[in-house]
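A short write-up of the structure that comes next.
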Amino acid sequence: MSDYDFELFVIGGGSGGVRAARLAAGLGKRVAIAEEYRFGGTCVIRGCVPKKLFVYASQFPEHFEDAEGYGWHVGERRFSWPDLIAAKDKEITRLEGLYRKGLENAGAEILESRAEIIGPHRLRLSASGQEVTAEKILIAVGGAPNPHPEMPGSELCISSNEAFHLDELPKSIAITGGGYIAVEFANIFNGLGVETTLIYRGPEILRGFDMDMRTNLREAMEKKGIRVVCRDTIVDVAQAADGRLKAQTHNGHVFNVDKVMMALGRLPNTKGLGLETIGVKTDAKGAIIVDDYSRTNVDHVYALGDVTDRVQLTPVAIHEAMCFIETEYKNNPTKPDHDLIATAVFSQPEIGTVGLPEDVAAERYEELEVYLAKFRPMKATLSGRDEKTVMKLIVNAADRKVVGAHILGHEAGEMAQLIGVALKGGCTKDDFDRTMAVHPTATEELVTMYSPTYRVKNGERV
């Protein structure tokens with residue numbers, strides 16, 4: 001029996017922290033988990049889950065329009081923002097209850113409080129002032145939107161956090177940022193009838209994704225009525241006389257809007273944790289530095305998920321938690337595998353991707369075969385909607401292994417999950433070619449592109 005109050009103390013009740021606490025408690029360990037807000041973390045409470053619900057809501061106007069091409073005549077349409085918020089809140093409350101129930105059933109002690117490290121193996125609970133000890137401390141506190149307080153008027157802006165709780169739907173919004181959060185919310189607000197402007201300092205949205213996905217998505221967004229302004233950024237926000245906001249950009253443009261949303265990166269939630277008390281090392285952004293096994297430089301302190309700024313995705317945090325349990329409590333040292341992570345951007349249309357974008361693959365491999373298909377999806381033939389699906393496979397010519405797969409189109413995220421299995425298994429283009437197509441589907445393009453669209457040698461298209 002350990003002399004500590006707990007064998008494992010988890011700080012943070014998000015997906016990673018909850019998974020680690022639940023599994024450790026299930027193994028018979030004395031576990032406590034402290035959370036100062038709500039269990040479920042960013043993903044469940046104010047991230048992936050409510051965002052996807054908003055995405056669904058914003059797609060219905062197009063569904064109603066498309067229905068007419070198939071003989072359906074939809075009557076009067078009316079959207080209620082308060083009804084959507086209420087339904088979303090009900091679902092989030094249900095999910096939070098499931099997280100709590102899982103912890104309780106496993107035998108973990110739930111502490112509704114902020115926890116601060118006050119010494120080796122020692123923590124203080126802010127809510128009560130109680131001090132406890134733990135053999136191991138696991139930090140899984142995630143991150144939060146960067147408020148950029150240095151920008152004049154930043155206090156007048158909202159982030160993705162506040163976007164889920166607005167009292168009323170704005171008539172117009174300017175979103176600054178070009179990552180997946182900015183892009184997804186631009187599509188959400190536009191779909192709900194909000195006049196939307198997306199402003200990004202880079203030459204094209206979604207830096208880090210394959211360029212064909214980036215350019216085709218931006219063009220699709222513009223066709224839907226979203227104003228996309230690249231190579232610019234908001235530098236000042238002020239309250240206008242009419243109660244709206246005046247957003248001024250670096251290039252001298254002025255946007256008069258109801259709301260300004262900042263989506264310019266996220267920061268680890270490490271302030272006030274007491275890390276400096278025991279010398280836990282962090283990087284310049286405040287992210288906790290860990291090794292391949294999620295261990296910090298302090299032997300009894302571990303960290304996982306967004307707070308480590310490795311890969312900021314919920315499934316990654318959960319995977320890192322499972323690896324932590326295998327390593328620390330099952331005598332099976334296991335490193336998190338961050339290679340070939342399938343991911344999606346829930347834009348409209350969606351992007352689903354796994355593996356390398358073309359520019360990165362071109363730097364890594366001497367010669368590539370690139371297979372690219374761009375076509376009108378079958379659903380659009382009767383609806384009359386002007387849209388395109390784009391599918392792209394990137395193949396290392398030397399061994400024919402598929403090193404990147406990228407899709408822009410309906411349900412691209414679902415497709416990416418399945419393609420991720422194939423790429424993780426090391427499939428070659430020959431394996432794709434031998435696979436029989438499912439007809440008629442969009443994904444049959446992935447197994448019927450027999451000849452390269454073009455090749456890339458030493459970084460140059462040929």
Before you tell me yes or no, could you show the steps for Val49 and Ile92 under side-chain contact (heavy atoms from CB on, under 4.5 Å), namely the whole-Å CA-CA distance, both residues' side-chain angles and the distance that decides it to 0.1 Å? CA-CA 8 Å; Val49 173; Ile92 298 310; 3.9 Å; yes

Evaluate the criterion side-chain contact (heavy atoms from CB on, under 4.5 Å) for residue pair Val280 and Ile288; output intermediate values, then yes/no. CA-CA 7 Å; Val280 175; Ile288 297 175; 4.0 Å; yes

Hey, mind stepping through Glu91 and Arg94 against salt bridge (charged side-chain N to carboxylate O under 4.0 Å, His left out) and telling me if it holds? CA-CA 5 Å; Glu91 174 62 9; Arg94 183 187 74 85; 2.8 Å; yes

Give the intermediate values and the outcome of salt bridge (charged side-chain N to carboxylate O under 4.0 Å, His left out) for residues Lys259 and Glu162. CA-CA 11 Å; Lys259 294 289 183 183; Glu162 292 76 35; over 6 Å; no

Please test Ile407 against Glu350 for side-chain contact (heavy atoms from CB on, under 4.5 Å), starting from the C-alpha separation and ending with a verdict. CA-CA 8 Å; Ile407 303 171; Glu350 292 179 11; over 6 Å; no

Give the intermediate values and the outcome of salt bridge (charged side-chain N to carboxylate O under 4.0 Å, His left out) for residues Glu320 and Arg310. CA-CA 10 Å; Glu320 290 170 355; Arg310 286 178 283 185; 3.1 Å; yes

Please determine whether side chain to side chain donor-acceptor pair (under 3.5 Å) holds for the pair Lys374 and Asn216, giving the CA-CA distance in whole Å, both sets of side-chain angles, and the decisive distance to 0.1 Å. CA-CA 10 Å; Lys374 185 175 182 179; Asn216 279 281; 2.8 Å; yes

Check the pair Asp232 / Arg201 against salt bridge (charged side-chain N to carboxylate O under 4.0 Å, His left out), numbers first and verdict last. CA-CA 4 Å; Asp232 204 357; Arg201 64 184 177 184; over 6 Å; no

Can you list the steps and then say if His406 with Thr353 is a side chain to side chain donor-acceptor pair (under 3.5 Å)? CA-CA 4 Å; His406 312 281; Thr353 182; 2.6 Å; yes

Might you work through the side chain to side chain donor-acceptor pair (under 3.5 Å) test for Thr93 and Glu96, ending with a clear yes or no? CA-CA 5 Å; Thr93 299; Glu96 183 186 11; 5.5 Å; no

One pair to check against side-chain contact (heavy atoms from CB on, under 4.5 Å): Leu356 and Tyr365. What are the steps and the verdict? CA-CA 11 Å; Leu356 303 177; Tyr365 300 103; 3.9 Å; yes

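Surrounding NZ of Lys424 are more than 12 heavy atoms belonging to other residues, nucleotides or ligands, all under 6.0 Å away. Counting non-hydrogen atoms of other residues, nucleotides and ligands closer than 6.0 Å to CG of Asp167 gives a total of 12 or fewer. Within a 6.0 Å sphere centred on CZ of Phe79, heavy atoms belonging to other residues, nucleotides or ligands number more than 12. Open room surrounds CD on Glu460; 12 or fewer heavy atoms of other groups in view lie less than 6.0 Å from it. When the shell of 6.0 Å around CZ of Arg376 is examined, it contains more than 12 heavy atoms from other residues, nucleotides or ligands. Applying the 6.0 Å contact sphere to CE of Met322 captures no more than 12 heavy atoms from other residues, nucleotides or ligands. Atom CD of Glu76 is surrounded by 12 or fewer heavy atoms from other residues, nucleotides or ligands within 6.0 Å. For His338, the NE2 atom sits in a packed shell: over 12 heavy atoms of surrounding residues, nucleotides or ligands are nearer than 6.0 Å.
Within the model, atoms CZ of Phe255 and CD1 of Ile175 stand 12.5 Å from one another, a figure rounded to the nearest 0.5 Å. Between the CG atom in Asp212 and the CG atom in Leu217 there is a gap of 12.0 Å [rounded to 0.5 Å]. Interatomic distance, OG1 of Thr448 versus CG of Leu446, reported as 8.0 Å (0.5 Å rounding). In this structure, CG on Leu372 lies 9.5 Å from CG on Leu393, to the nearest 0.5 angstrom.
Remark: Asp433 engages Lys429 in a salt bridge, criterion side-chain N to carboxylate O under 4.0 Å. Lys392 and Glu358 are joined by a salt bridge, as a carboxylate oxygen and a charged side-chain nitrogen come within less than 4.0 angstrom of each other. A salt bridge does not link Lys171 to Asp258: none of the charged nitrogens lies less than 4.0 Å from a carboxylate oxygen. Salt-bridge formation is not detected for the pair Glu219/Lys224: no Lys NZ or Arg NE/NH1/NH2 atom is positioned less than 4.0 Å from an Asp or Glu carboxylate oxygen. Between Arg227 and Glu195 there is no salt bridge, since none of the side-chain N atoms of the basic residue sits less than 4.0 Å from a carboxylate O of the acidic one. Residues Lys457 and Glu366 are not paired through a salt bridge, judged by the lack of any N-O separation under 4.0 Å between the basic side chain and the carboxylate.
When only modelled atom types and interatomic distance are considered, Gln348 and Ser58 share a side-chain donor-acceptor pair under 3.5 Å. Remark: the Arg461 side chain and the Tyr454 side chain contain an N/O donor-acceptor pair separated by less than 3.5 Å. Counting only N and O atoms by type, the side chains of Ser154 and His148 include no donor and acceptor under 3.5 Å apart. Using modelled atom types, one finds no donor on one side chain facing an acceptor on the other under 3.5 Å when comparing Arg295 with Thr327. Under 3.5 Å, the side chains of Glu35 and Tyr37 contain no donor-acceptor pair of N or O atoms.
Tyr371 contributes no side-chain N or O that, together with a main-chain N or O of Met391, makes up a donor-acceptor pair within less than 3.5 Å. Trp72 contributes no side-chain N or O that, together with a main-chain N or O of Asp66, makes up a donor-acceptor pair within less than 3.5 Å. Using a distance-only test at 3.5 Å, with no hydrogens or angles considered, no donor-acceptor pair links the side chain of Asn251 to the main chain of His253. No donor-acceptor pair under 3.5 Å is formed between the side chain of Asn146 and the backbone N or O of Gly265. Distance alone, capped at 3.5 Å, places no donor-acceptor pair between the Asp306 side chain and the Asp309 backbone. Under a 3.5 Å cut-off, the side chain of Asp430 and the backbone N or O of Arg400 do not form any donor-acceptor pair. With hydrogens and angles disregarded, a donor-acceptor distance shorter than 3.5 Å links the side chain of Thr296 to the backbone of Val301. Put simply, the side chain of Arg46 never gets that close to the backbone of Asn161: no donor and acceptor are under 3.5 Å apart. For Thr428 (side chain) and Lys401 (main-chain N/O), no donor-acceptor pair under 3.5 Å exists by modelled atom type. Looking only at distances, no side-chain donor or acceptor of Thr381 sits under 3.5 Å from a matching main-chain atom of Pro377.
Under the 4.5 Å side-chain criterion, counting only non-hydrogen atoms from C-beta, Cys427 is in contact with Phe432. Contact annotation: the side chain of Ile341 approaches that of Val316 to within less than 4.5 Å [non-hydrogen atoms, C-beta and beyond].
For Ser80, the side-chain hydrogen bond (donor to acceptor under 3.5 Å, both in side chains) partners at least two apart in sequence or on another chain are Asp83.
Judged by a 6.0 Å distance limit and a 45° cone about the ring axis, Arg19 is not positioned over the six-membered ring of Phe324. For Lys388 and Phe375, the positive end is not near the middle of the six-membered ring at less than 6.0 Å and at most 45° from its axis.
Counting only residues at least two apart or on different chains, the ring-ring contact (aromatic ring centres under 6.0 Å, His included) pairs with a member in residues 151-177 are Phe54-Phe164, Phe164-Phe185. Evaluation of the side-chain hydrogen bond (donor to acceptor under 3.5 Å, both in side chains) test over residues 181-192, restricted to residues two or more places apart or in two chains, returns Lys51-Glu184.
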